[in-house]
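Take a look at the structure set out below.
We're numbering straight along the sequence, starting at 1.
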Amino acid sequence: MRATSDAVAACIAAAAILAGCTLTRTDVVDCDTDGDCRAAFGLGFVCNRDGLCDEVEPAPRCSETFPPGLFDDRFQERDRILFGNLMDRSVQTQVARERSAQLAYDQANQEDGVDGRSFGAVFCTVEENPDYDDLARTDAAVASAEFLATSLGVPAIVGPAASSDTQAVFQALAGTGVLVISPSATSPSLTDLDPATVSDDAPGLLWRTAPSDGLQGAVIAADMLDPGEGRAAPVAHVAVIHEVGAYGEGLFDVFAPAFQDGGGTVDLLRPFDGDGQLADAIADVASSRAEEVLFISSQPDDIAGFLDSAATLSGYDGKGIFLTDAAANPDVLSQANPARFPQIRGTRAKPLDEGKDLVYASFIAAYTAAFREDVRSFSFAANAYDAAWLLAYGAAWALLQEDGLDGTRIARGLRHVSDGESVAVRPGGWVSVQQAFRDGRSIDAAGASGPIDFDPDSEETAADIEVWRIDGGRIEGLYPVSP
């Protein structure tokens, strides 16, 4: 029999950039698909062009697993429900998101998984790091995603974090049937990557547990036009610096018309792609008449670099500085010169109140117990926890209702988590989820990041948006804003 899979070709291509995706011939077994080899030998086996099974070694970027040592006994682990994860491990906030996903899988396993089948994950880092290779972040995300999908056969991936990376990964995986769910990619342009019409029969494969910037962009404009706490007058003139790509361009495209329709003027627009363009943009804005500067980037290094440069230029002395959700994390606070902190406000999805929301409080307590760290300062960590639990929910639907596990079946499960019996996304709700799905009933999931209210037509979720400031070296929410 001949193999129909292109896994070996993909591995050869990945080997050149991931330095570790190697093939090792095992006992001779005929195969038609990669699934035949995984059933015979376990995780990380693929069917080569000769119709024989080969073993794929973990790539260096993807060597972290849950549970640890997942590839030590591949045959023993062949029935584990395995997901992928893409984060930038050089960023403290994204490490917290990775850990949050791991926490969800661990909790599900402690509740006996799905009919006794446990969950596992392979965690890949997409950082720019010469110790791995010479890949830029987006290229590393794509290469790692292809390794997860093709060589390991995962049905779904949590991440990446950035919108541009999520777009590139989703497009690279087109045709593989792998579901991608990001906890923090908020660009409105991502909505258009899935088919315009989705349904239970034909669900989309791109999901997120964070709200689209279609809302955040309008909220930024509304806050500038309608003075809130501590401001005497509306902003009439604004300068905008934004990164090139899905996040920066998508957010600006929502903000600008809303701000201009309200009577404001965008005096200066400076997109940037690289440090040289960013430096020029910062200097140009310093000499502009703008009362406020809107800075849009998904990368902590860019945000910190902007604030460092602004601290040295007197042209920023009288200007307000408006940042976005990507800046509301410890990576920015720890890296940036604090001189301009009093001038800053920003927007983000409003975190829940752990004193009032038991699901969020349960997540905080469990994370602290597992990792000895306060997770509340890390943006989108609760969203990552919810994303991982939702993959577990989707897998439960796929196995209990459809007797198979792939991205499409998991996606159909996600279309059954926003209308029905109320269930808390935490260990105590897992039995109720499985029973409902076994019976063919939907649930209404309440997550650590808020209600999981996926719109059936767009498969998008929403959240309340608040304005924040920096006080005493911490992010402090000020007030909610409606667009």
Side-chain angles (χ1 to χ4, degrees), residues 88 90-91 93-94 126-128 135-141 160-168 184-190 213 216-217 220-221 224 235 237-257 259-260 264-316 319-329 331-333 335-337 339-341 343-347 379:
D88 183 338
S90 70
V91 178
T93 301
Q94 294 195 37
V126 303
E127 67 196 78
E128 296 184 15
L135 294 180
R137 191 194 67 248
T138 299
D139 295 331
S163 294
S164 57
D165 296 350
T166 300
Q167 176 176 317
S184 54
T186 55
S187 172
S189 65
L190 297 182
D213 283 332
Q216 184 179 195
I220 295 171
M224 288 185 181
V235 175
H237 300 275
V238 67
V240 181
I241 303 174
H242 72 73
E243 68 180 13
V244 172
Y247 180 70
E249 294 167 10
L251 186 47
F252 173 77
D253 287 345
V254 175
F255 162 78
F259 184 67
Q260 292 165 340
T265 301
V266 177
D267 279 14
L268 194 63
L269 171 62
R270 288 292 183 268
F272 71 91
D273 184 12
D275 292 342
Q277 292 180 9
L278 177 55
D280 290 347
I282 294 170
D284 291 346
V285 168
S287 62
S288 75
R289 66 170 179 170
E291 306 147 58
E292 188 137 41
V293 182
L294 173 59
F295 185 83
I296 307 172
S297 174
S298 61
Q299 300 306 307
D301 288 348
D302 288 341
I303 302 167
F306 162 70
L307 294 175
D308 288 348
S309 297
T312 67
L313 298 174
S314 61
Y316 284 86
K319 300 184 191 303
I321 295 175
F322 209 111
L323 303 178
T324 61
D325 51 0
N329 67 68
D331 294 282
V332 172
L333 299 183
Q335 293 179 41
N337 185 323
R340 299 296 181 190
F341 283 5
Q343 298 165 239
I344 292 172
R345 69 188 193 286
T347 46
S379 62

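Using a distance-only test at 3.5 Å, with no hydrogens or angles considered, a donor-acceptor pair links the side chain of Asn329 to the main chain of Val332. Using a distance-only test at 3.5 Å, with no hydrogens or angles considered, no donor-acceptor pair links the side chain of Arg270 to the main chain of Val285. Not a single donor-acceptor pair under 3.5 Å links the side chain of Glu249 to the backbone N or O of Val244. Counting only distance, with no hydrogens or angles, the side chain of Glu291 and the backbone of His237 share a donor-acceptor pair below 3.5 Å. Between the Ser164 side chain and the Ala246 main chain, no donor and acceptor come within less than 3.5 Å of each other. Checking side-chain atoms of Glu243 against main-chain N and O of Ser298 turns up a donor-acceptor pair under 3.5 Å.
In this structure, the side chains of Phe259 and Ile220 stay at 4.5 Å or more apart for every pair of heavy atoms. Taking 4.5 Å as the limit, every side-chain heavy atom of Lys319 sits out of range of all side-chain heavy atoms of Arg340.
Note: Phe252 and Phe255 have tilted aromatic rings, judged against thresholds of 30 and 60 degrees for the angle between ring planes.
The side chain to side chain donor-acceptor pair (under 3.5 Å) test with Tyr247 singles out one residue from Asp325, Asp213, Asp165, and that residue is Asp325.
Side-chain atoms of Thr265 and Asp267 include no donor-acceptor pair closer than 3.5 Å.
Pairs passing the ring pair (Phe, Tyr, Trp, His ring centres under 6.0 Å) check and including a residue from residues 284-304, sequence neighbours excluded, read Phe272-Phe295, Phe295-Phe306.
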Residues Ser184, Gln94; criterion side chain to side chain contact (heavy atoms under 4.5 Å, CB included); working and verdict: CA-CA 10 Å; Ser184 54; Gln94 294 195 37; over 6 Å; no

His242/Leu251 under side chain to side chain contact (heavy atoms under 4.5 Å, CB included): CA gap, chis, key distance, verdict: CA-CA 9 Å; His242 72 73; Leu251 186 47; over 6 Å; no

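Other residues, nucleotides and ligands contribute only 12 or fewer heavy atoms inside 6.0 Å of the CG atom of Asp275.
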